[in-house]
2 protein chains.
Amino acid sequence: MNNAHQIQTSVDPVIFTVFDMKLHILLVKRNIEPYKDCWALPGGLVDEKLDQDLHSAALRKLKEKTNVTTHYLEQVETLGSASRDPRGWSVTVVYFALVTVPEENLSAAHGASEVRWEEVGKNGVAVPLAFDHEKLVKAAVERLRAKVSYTTVAAGLLAEPFTFLDLQNIHEIILNRKVEKKSLMRRYESSELLTEVNETRKEGRMRPAKLYRLKDRETVHYFVRTMEGPR
Amino acid sequence: MNNAHQIQTSVDPVIFTVFDMKLHILLVKRNIEPYKDCWALPGGLVDEKLDQDLHSAALRKLKEKTNVTTHYLEQVETLGSASRDPRGWSVTVVYFALVTVPEENLSAAHGASEVRWEEVGKNGVAVPLAFDHEKLVKAAVERLRAKVSYTTVAAGLLAEPFTFLDLQNIHEIILNRKVEKKSLMRRYESSELLTEVNETRKEGRMRPAKLYRLKDRETVHYFVRTMEGPR
DNA sequence: AAAATAGTGTCTCTAAGACAATATGCG
DNA sequence: CGCATATTGTCTTAGAGACACTATTTT
């Protein structure tokens, strides 16, 4: 049992944000082989010296390749096989992260010559991705959709303060379908996670909406039922 | 970026079964350092030569250390850190597996001098475990309980054919609380996963229960609501 | 028929879906 | 005021919890 293991271990964060009424993920263009010049997730090898654990490895990747900060980071799944990387057996731990607004200062560094927010459509992203990253993205999107339909995580994507309409839009964009205004309202009321803010945003010539903040950006409420959508 | 990674990668299956009206997991006694003579999960290093991917690595461990077969194997989570193994940075992928009846012929082989089914109580197992295995067990038990409360996975633990009471017992044992007979019945009826079998089991001096089989042991039905239990 | 467990009926309750009805701020 | 959106009311429906009632064997 003393075979020196050469299994490469990496973390691959799928970083979600919403803008222009669309769900986006962050991609970087690889500038080394294999898959040079191909778009990929902003992940990379775990560094035994730098990283205390997997979670902090994922946070380090987030910080290095972008400089977004996140209020939510969750492990999705781990893929490992002999075939997923041409260089040999490899394992990657997929995370998904939610960030509010895309920062302008995305730093192209550490093996990334370019960084870009890419729209997530019905069938994932439009560009081909390196390795099995399309599969990883698919897994992360599925997890995100599932989680959004029975928790309050989606609220973490919003910049504060936000209106109820913002909240509704976020849900509809992520789930890619309409959600019932009243149902959503009831859910968030019962969660007691929102707090009204008494500022008000102008926004044109009609009744202005109330503004809300999360009492605690770290707390996620779990509901016992999933939102099913129209029958 | 060419540091030779020495991260050990292992899989640790948490193998569940139910007998004597109690939930049990399979443990092996380690016969090598570190944690020699300590009980541990029946896991071990991924073998680049033997294993095509993580899933088959988990199946191999299952087969090697025990010879149970399972109808259900699910990845739970991956833990990796510099500190969880005294020998250095390591990553382990935790799986949970459901097996029907404990087989008598547990083989003590491959680094295990003893194999044993250990009862899972309210706070995990009674014996101390090697490494961070108690944490891994806790994660697996939580996942199992969650899953049982909104899917039909529990049925996979039963030897066929089984009665409805068997099904109810399995749920109550895993969840560690009463479940409503009628609710459970409705759920399984709506899932359309069971098929009546027209044999009948004698069993003493009262009305015999209908016997069921799963139409397909691989299919798991997901409900949109969680069973909440008594209010 | 009595015992004893198996299986069903049915009432209540929670929360979601649907969508109508009001409320409110501004021009 | 009237527009346009915000917010609330409320009816319906699905499915869980509670628990009583009926059914079916065997002795």
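Quick caveat: nothing in here was measured; it's all calculated off a predicted structure. Within every chain, numbering begins at 1; the chains are lettered A, B, ... in the order of the sequence lines, protein sequences first and strands thereafter.
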On DNA chain C, more 5' by nearest nucleotide between A/P230 and A/V224 is A/V224
Given D/dT7, D/dA4, C/dT5, the nucleotide with the shortest approach to the side chain of A/M206: D/dA4
Measure from CD on A/Q168 to C1' on D/dT8 and round the result to the nearest Å. 14 Å
Worked verdict on B/K182 versus B/E180 for salt bridge (Lys or Arg N to Asp or Glu O under 4.0 Å): CA-CA 6 Å; B/K182 195 62 197 291; B/E180 272 301 320; over 6 Å; no
Give a yes or no answer on whether the side chain of A/E196 reaches the backbone of A/K210 with a donor-acceptor pair at less than 3.5 Å. no
Integer-rounded Å distance: C/dG7 C1' and B/L165 CG: 12 Å
Provide, to the nearest angstrom, the distance between the CD atom belonging to A/E180 and the P atom belonging to D/dT7. 16 Å
Starting at atom NE2 of B/H171, determine the distance to atom P of D/dG17, rounded to an integer number of angstrom. 12 Å
Which atom names give the shortest non-hydrogen contact between B/R84 and B/L79, and what distance separates them? CD-O, 4.0 Å
In sequence, state the C-alpha distance, the side-chain angles, and the governing distance for A/E134 and A/K138, and then conclude on salt bridge (Lys or Arg N to Asp or Glu O under 4.0 Å). CA-CA 6 Å; A/E134 287 173 40; A/K138 190 159 175 282; over 6 Å; no
Return the residues of residues 181-192 of chain A meeting this criterion: a heavy atom under 4.0 Å from some atom of DNA chain D. Order them by number, or give none. A/K181, A/K182, A/M185, A/R186
side-chain hydrogen bond (donor to acceptor under 3.5 Å, both in side chains) partners for B/Q168, two or more places apart: B/E172
Does the base of D/dA4 carry an N or O that pairs as donor and acceptor with the side chain of A/R207 under 3.5 Å? no
For A/A209 and B/T226, find the nucleotide of DNA chain D closest to each by heavy atoms; which residue's nucleotide sits nearer the 5' end? A/A209
Here the distance between atom C1' of C/dT5 and atom CG of B/N169, to the nearest Å, is 13 Å
C/dT5 P sits how many Å from B/L211 CG, rounded? 17 Å
Find which nucleotide of DNA chain C each of A/R225 and A/E228 is nearest to by heavy atoms, and output the residue with the more 5' nucleotide. A/R225
Could you grab the distance from atom CG of B/L184 to atom NZ of B/K178, nearest 0.5 Å is fine? 13.0 Å
What's the CZ-P distance between B/F162 and C/dG7, to the nearest Å? 12 Å
Is it true that A/T226 and A/S149 share a donor-acceptor pair across their side chains at a distance under 3.5 Å? no
Please report, rounded to the nearest Å, how far the P atom of D/dA16 is from the CZ atom of A/F223. 19 Å
